[in-house]
Amino acid sequence: SQKNMSLFSKFVEIGRICRVKEGDFKDQAVIIVDVVDQNRALVCAPGQARQQMRFRDLSLTPLVCPIGRSARSKAVTTAFKKNDIEAKFAALPASKRIQRAAKRA
């Protein structure tokens with residue numbers, strides 16, 4: 001049974017919801033739309049312009065949204081709303097910790 005257990009549980013994949021760690025969109029949810037190379041991904045979110053981000057600036061979450069590779073912004077927005085990603089993202093322990101820290105500050 002130990003032999004079959006995977007060391008990792010969150011993978012970089014199309015549709016993976018991530019939290020932005022650095023930059024203008026810090027602590028916001030984005031979705032990986034495409035992988036550019038081993039260091040960068042194309043990300044998109046409702047109300048944000050599609051852009052490339054480095055993996056070191058993203059924190060993977062356990063949430064995955066079923067979208068196609070290089071999905072258009074409208075499809076991403078629809079998938080976000082249909083799968084209630086904003087509420088699920090806000091319910092994550094990391095998001096709750098960030099909200100508590102923002103209250104204290």
Side-chain angles (χ1 to χ4, degrees):
S1 60
Q2 277 285 348
K3 190 166 49 172
N4 294 337
M5 290 182 60
S6 176
L7 182 62
F8 301 105
S9 60
K10 296 178 276 191
F11 301 100
V12 173
E13 59 185 314
I14 307 302
R16 175 68 65 181
I17 308 297
C18 302
R19 180 179 60 85
V20 180
K21 294 192 291 188
E22 299 288 331
D24 297 335
F25 301 109
K26 185 176 180 183
D27 297 330
Q28 292 185 9
V30 295
I31 187 167
I32 295 178
V33 178
D34 202 355
V35 176
V36 177
D37 59 22
Q38 67 183 14
N39 296 315
R40 296 174 297 155
L42 188 65
V43 298
C44 187
Q48 290 182 13
R50 180 178 297 230
Q51 60 186 326
Q52 290 183 23
M53 285 195 168
R54 297 177 305 183
F55 288 123
R56 73 174 105 170
D57 295 337
L58 299 174
S59 176
L60 300 177
T61 68
L63 304 174
V64 179
C65 186
I67 62 165
R69 183 171 174 260
S70 296
R72 295 179 183 263
S73 297
K74 187 176 180 181
V76 170
T77 303
T78 305
F80 250 75
K81 289 182 176 139
K82 182 180 175 189
N83 295 302
D84 200 25
I85 296 298
E86 291 295 333
K88 290 178 183 176
F89 182 77
L92 292 173
S95 295
K96 289 181 179 179
R97 185 175 61 246
I98 291 165
Q99 291 168 359
R100 281 195 308 271
K103 278 185 190 177
R104 284 194 304 269

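Computed from a predicted model, the values in this text were never measured in an experiment.
If you chain together hydrophobic residues whose side chains sit under 4.5 Å apart, L58 and L60 fall into the same group. L42 and V30 are not part of a single hydrophobic cluster, where members link through side-chain heavy atoms under 4.5 Å apart. Hydrophobic clustering (side-chain heavy atoms under 4.5 Å, transitive across Ile, Leu, Val, Met, Phe, Trp, Tyr) groups V43 together with V12. Following chains of ILVMFWY side-chain contacts shorter than 4.5 Å, one can reach V35 starting from M53, so the two form part of one hydrophobic cluster. Under a hydrophobic clustering in which Ile, Leu, Val, Met, Phe, Trp and Tyr are joined whenever their side-chain heavy atoms come within less than 4.5 Å, directly or via other members, F25 and F55 fall into the same cluster.
Here the side chains of I17 and K88 are not in contact, with every heavy-atom distance at 4.5 Å or above. Side-chain contact between R19 and D27 is present, with at least one heavy-atom pair separated by less than 4.5 Å. Residues L92 and L63 are in side-chain contact: their nearest non-hydrogen atoms beyond the backbone lie under 4.5 Å apart.
In this structure a side-chain-to-backbone donor-acceptor pair under 3.5 Å is missing from S95 to A91. The main-chain N or O of R16 is never found under 3.5 Å from a side-chain atom of K10 such that the two would form a donor-acceptor pair.
The minimum heavy-atom distance linking F89 with Q28 is given by the pair CZ-C, 4.2 Å. Of all heavy-atom pairs spanning G15 and I67, the tightest one is CA-CG1, 3.9 Å. What you find for R50 and S73 is that their closest heavy atoms are NH2-N, 3.2 Å. A41 and I32 make their closest contact through CB-CG2, 4.1 Å (heavy atoms, listed as atom of the first residue, atom of the second, distance). Closest approach of N83 to C65, counting heavy atoms only: ND2-SG, 3.2 Å.
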Intermediate values then yes/no, side chain to side chain contact (heavy atoms under 4.5 Å, CB included), D34 and R69: CA-CA 6 Å; D34 202 355; R69 183 171 174 260; 3.1 Å; yes
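Few gaps surround NZ on K21; more than 12 heavy atoms of other groups in view lie less than 6.0 Å from it.
Atom OG1 in T77 sits 12.0 Å away from atom CD1 in I85 (nearest 0.5 Å).
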